[in-house]
Amino acid sequence: MKRIAPFLVVAALLTAGSTAWAQDPLSLKLGVGLKGGLSGSLASGVAEDEVWNVGGQDLIYDPNVFPMFGMGGGVGVTFEARIIDLVGLESGVYLSYDNGDGFQDVNDAFGNKIVTVNQEQRTTAIHVPLLAKFVVPGAIVRPAFGLGAEFVFQQSSTFEQDPEVYTNPHTIEESTYVLGMLTAGLEFNVGVVRIPLELRLGYNLGFGSKTSDRVRTEGNNPTTTPIIYDGEYQGHFGLFTGIVYDYELFL
């Protein structure tokens with residue numbers, strides 16, 4: 001009887017464990033939905049007295065790239081896989097309209113303002129986030145946080161300065177870059193769907209502060225060569241909401 005007792009204990013534990021597993025299996029949620037909202041973009045200017053290559057020559061030349069800030073918006077689809085409704089991985093595809101406006105006063109040799117030059121950039125881009133998600137449990141309202149990267153693929157961009165007071169024309173080219181991303185917000189469970197409300201913050205991990213990082217030239221005449229501006233932004237932020245439907249699976 002003494003030899004049989006340990007086997008009975010093990011059998012009881014296995015039975016209890018299998019019963020508990022059957023009652024509380026590991027859940028996996030696959031969320032699909034739409035998100036969108038207001039977004040902002042910003043970038044710093046570049047130094048006016050930096051030596052850089054202009055038309056094949058190293059010169060001190062002001063590229064006239066000003067600090068800028070602007071508001072826009074974005075919308076797209078979101079996908080998320082979440083285990084036991086606590087941790088997960090989120091991605092998606094968003095069409096974003098990213099804008100930036102800036103200005104600078106042009107002065108004469110005595111420091112007197114001649115004119116104010118306004119700068120305007122308008123960009124259309126695809127944003128693809130890849131975020132690790134962390135959710136605090138709650139019945140209806142749950143705090144949620146995200147950390148990861150966002151890949152930005154600019155599709156079109158325009159760059160204008162008014163009035164045009166410079167000899168060299170200024171143009172722009174589209175850019176591709178990666179943001180370090182942080183999100184924080186709340187999720188509201190409403191029946192079979194949840195409604196997220198989140199603040200999104202992103203910083204361009206490859207953004208350069210030097211003139212040579214931000215502009216380049218083509219041609220061999222320093223007085224007429226086009227100044228070609230890289231369209232990347234230094235940072236993005238946004239306030240997004242939407243609706244997500246969860247497909248619940250069990251492992």
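Just the heavy atoms: all of them, side chains too, but no hydrogens, waters or symmetry mates, feed the values below.
Residue pairs meeting the ring pair (Phe, Tyr, Trp, His ring centres under 6.0 Å) criterion with at least one partner in residues 96-151, sequence neighbours excluded, are His127-His236. Counting only residues at least two apart or in different chains, ring pair (Phe, Tyr, Trp, His ring centres under 6.0 Å) contacts with residues 184-215 are absent.
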Would you check, one step at a time, whether the test side chain to side chain contact (heavy atoms under 4.5 Å, CB included) holds for Leu249 with Lys29? CA-CA 6 Å; Leu249 308 174; Lys29 287 186 176 181; over 6 Å; no
Assess whether salt bridge (Lys or Arg N to Asp or Glu O under 4.0 Å) is satisfied between Arg82 and Asp246, documenting all intermediate values. CA-CA 9 Å; Arg82 188 178 293 180; Asp246 287 317; 5.7 Å; no
Taking it one step at a time, do Thr217 and Ile228 satisfy side chain to side chain contact (heavy atoms under 4.5 Å, CB included)? CA-CA 6 Å; Thr217 63; Ile228 303 172; over 6 Å; no
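Other residues, nucleotides and ligands contribute at most 12 non-hydrogen atoms within 6.0 Å of the CD1 atom of Ile140.
The shortest side-chain heavy-atom distance between Leu197 and Leu239 falls under the 4.5 Å cut-off. Within the 4.5 Å cutoff, no side-chain heavy atoms of Pro143 are placed close to those of Val135. Side chains of Glu80 and Lys133 form a contact here, defined as non-hydrogen atoms less than 4.5 Å apart. Counting heavy atoms from C-beta outward, Leu130 and Met181 have side chains that stay 4.5 Å or more apart. Side-chain contact between Thr124 and Ser96 is absent, with no heavy-atom pair separated by less than 4.5 Å. For the pair Thr176/Val152, no side-chain contact is recorded, criterion being any heavy-atom separation below 4.5 Å from C-beta on. You'll find the side chain of Val46 stays beyond 4.5 Å of the side chain of Ser209, heavy atoms only. No side-chain heavy atom of Asn112 sits under 4.5 Å from any side-chain heavy atom of Asn107.
In this structure, Asp105 CG and Thr116 OG1 are separated by 3.5 Å, a value rounded to the nearest 0.5 Å. Here the straight-line distance linking atom CD of Gln121 with atom OG1 of Thr158 works out to 7.5 Å at 0.5 Å rounding. Note: Thr211 OG1 to Asp62 CG = 8.0 Å, rounded to the nearest 0.5 Å. Once rounded to the nearest 0.5 Å, the distance linking OG1 of Thr78 with OH of Tyr94 reads 4.0 Å. Here the OH atom belonging to Tyr245 is positioned 11.0 Å from the CD1 atom belonging to Ile243, to the nearest 0.5 angstrom. Within the model, atoms CD1 of Ile172 and CD1 of Ile227 stand 13.5 Å from one another, a figure rounded to the nearest 0.5 Å.
By the rule that hydrophobic residues join a cluster once side-chain heavy atoms approach within less than 4.5 Å of another member, Val54 and Val65 end up as members of one cluster. The hydrophobic cluster containing Leu34 does not contain Val244, counting ILVMFWY residues as joined when their side-chain heavy atoms lie under 4.5 angstrom apart, directly or transitively.
For the pair Leu182 and Leu147, the tightest heavy-atom approach, listed with the atom from each and the gap, is CD1-CD1, 4.3 Å. A pairwise comparison of heavy atoms in Pro222 and Leu59 identifies CB-CD1, 3.7 Å as the closest pair. When all heavy atoms of Gly242 and Ile195 are compared, the closest pair comes out as O-CG2, 3.3 Å. Contact record, Leu30 with Ala81: CD2-CB, 3.8 Å, taken as the closest heavy-atom pair. The two residues Ala47 and Pro63 have their closest heavy-atom pair at O-CD, 3.8 Å. The minimum heavy-atom distance between Ser27 and Glu248, with the atom names listed, is CB-OE2, 4.0 Å.
Listed by chain and residue number, nothing satisfies the salt bridge (Lys or Arg N to Asp or Glu O under 4.0 Å) test with Arg214 (two or more places apart in sequence, or in another chain). Residues satisfying the salt bridge (Lys or Arg N to Asp or Glu O under 4.0 Å) criterion with Asp230, sequence neighbours excluded, are absent altogether. Applying the salt bridge (Lys or Arg N to Asp or Glu O under 4.0 Å) test to Glu50 and every residue at least two apart in sequence or in another chain returns nothing. Listed by chain and residue number, Arg200 satisfy the salt bridge (Lys or Arg N to Asp or Glu O under 4.0 Å) test with Glu150 (two or more places apart in sequence, or in another chain).
Thr183 places a side-chain N or O within donor-acceptor distance of the main-chain N or O of Gly146, the cut-off being under 3.5 Å. In this structure, the side chain of Thr241 engages the main chain of Pro196 through a donor-acceptor pair within 3.5 Å. Gln234 places a side-chain N or O within donor-acceptor distance of the main-chain N or O of Ser44, the cut-off being under 3.5 Å. A donor-acceptor contact shorter than 3.5 Å links the side chain of Trp52 to the backbone of Tyr61. Proximity of a side-chain donor or acceptor of Gln104 to a complementary backbone N or O of Val117 within less than 3.5 Å is not detected. Within the 3.5 Å criterion, the main-chain N or O of Ala139 finds a donor-acceptor partner in the side chain of Asn189. Counting only distance, with no hydrogens or angles, the side chain of Ser39 and the backbone of Gly73 share a donor-acceptor pair below 3.5 Å. Within the 3.5 Å criterion, the main-chain N or O of Phe153 finds a donor-acceptor partner in the side chain of Gln155. No side-chain donor-acceptor contact under 3.5 Å links Glu232 to the backbone of Tyr177.
The pair Asp101-Arg122 meets the salt-bridge criterion, since a charged nitrogen lies less than 4.0 angstrom from a carboxylate oxygen. Ion pairing between a basic and an acidic side chain is recognised when a charged N comes within 4.0 Å of a carboxylate O; Asp213 and Lys210 show no such pairing. The pair Arg216-Glu173 meets the salt-bridge criterion, since a charged nitrogen lies less than 4.0 angstrom from a carboxylate oxygen. Salt bridge Glu198/Lys35: present, at least one basic N to carboxylate O contact under 4.0 Å.
Side-chain contact annotation: Tyr233 with Thr123, donor-acceptor N/O pair under 3.5 Å present.
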